[in-house]
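Single-structure report; data block below.
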Amino acid sequence: LNRALDTLHEMQAEGISPNVITWTALIDAHGKGGRPAAAIWLYEQMTAGGVQPNEVTFDVLFNALMRAGQVARAVAIVEAMGP
């Protein structure tokens with residue numbers, strides 16, 4: 001997972017903007033790897049950079065939070081999706 005973050009930083013240093021697929025893959029890997037705080041941080045970095053999450057992004061973040069027992073935060077993610 002650390003190598004994945006290194007690659008993200010290398011991309012950004014080269015002026016390559018990760019798209020929603022890249023961000024979602026990173027969020028998913030960290031969620032499945034037992035790093036929900038990192039998954040949330042990546043989500044926040046993605047949205048701060050202007051990349052809009054899609055349904056898959058919300059799904060992987062929701063699952064990461066549920067796996068970590070963070071039910072309230074998972075519910076907040078669902079609510080953030082809107083109608």
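Source: prediction; values computed, not measured.
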For the CE atom of Met11 and the OG1 atom of Thr22, what is their distance to the nearest 0.5 Å?
4.5 Å
Using the rule given for side chain to side chain contact (heavy atoms under 4.5 Å, CB included), can you reason through Trp23 versus Gln45, listing the C-alpha separation, both sets of side-chain angles and the distance that settles it, and then say yes or no?
CA-CA 9 Å; Trp23 284 112; Gln45 294 299 303; 3.8 Å; yes
Rounded to the nearest 0.5 Å, the OH atom of Tyr43 sits from the CG atom of Leu65 at a distance of 10.5 Å
Flag if over 12 foreign heavy atoms under 6.0 Å of CZ, Arg35
yes
Check for me, please, whether Phe58 and Met66 land in the same ILVMFWY cluster - side-chain distances under 4.5 Å, paths through other members count.
no
On a heavy-atom basis, which atom in Ala39 and which in His30 lie closest, and how many Å separate them?
N-CB, 4.0 Å
Tell me, please, which residues at least two apart from Glu55 pass salt bridge (charged side-chain N to carboxylate O under 4.0 Å, His left out).
none
Gly34 backbone acceptor or donor facing Arg67 side chain under 3.5 Å
no
Would you say Trp41 ends up clustered with Leu26 if hydrophobic residues are merged whenever their side chains have heavy atoms under 4.5 Å apart, either directly or through other cluster members?
yes
Please name the pair of heavy atoms, one in Thr47 and one in Pro53, separated by the smallest distance, quoted to 0.1 Å.
CG2-CD, 4.0 Å
Let me confirm one number: the CD1-CZ distance from Ile77 to Phe62, rounded to the nearest 0.5 Å.
10.0 Å
Applying side-chain contact (heavy atoms from CB on, under 4.5 Å) to Asn54 and not counting sequence neighbours gives Val20, Thr24, Val56, Thr57
Rounded to the nearest 0.5 Å, what's the gap from CD on Gln12 to CD on Glu14? Could you check?
11.5 Å
Between CD1 on residue Ile40 and CD on residue Gln70, distance to nearest 0.5 Å
5.0 Å
Measuring from Leu8:CG to Arg3:CZ, what's the distance to the nearest 0.5 Å?
11.0 Å
What are the two closest heavy atoms between Gly31 and Ala64, and how far apart are they?
CA-CB, 3.4 Å
Ile21, CD1 atom: more than 12 neighbouring heavy atoms under 6.0 Å
no
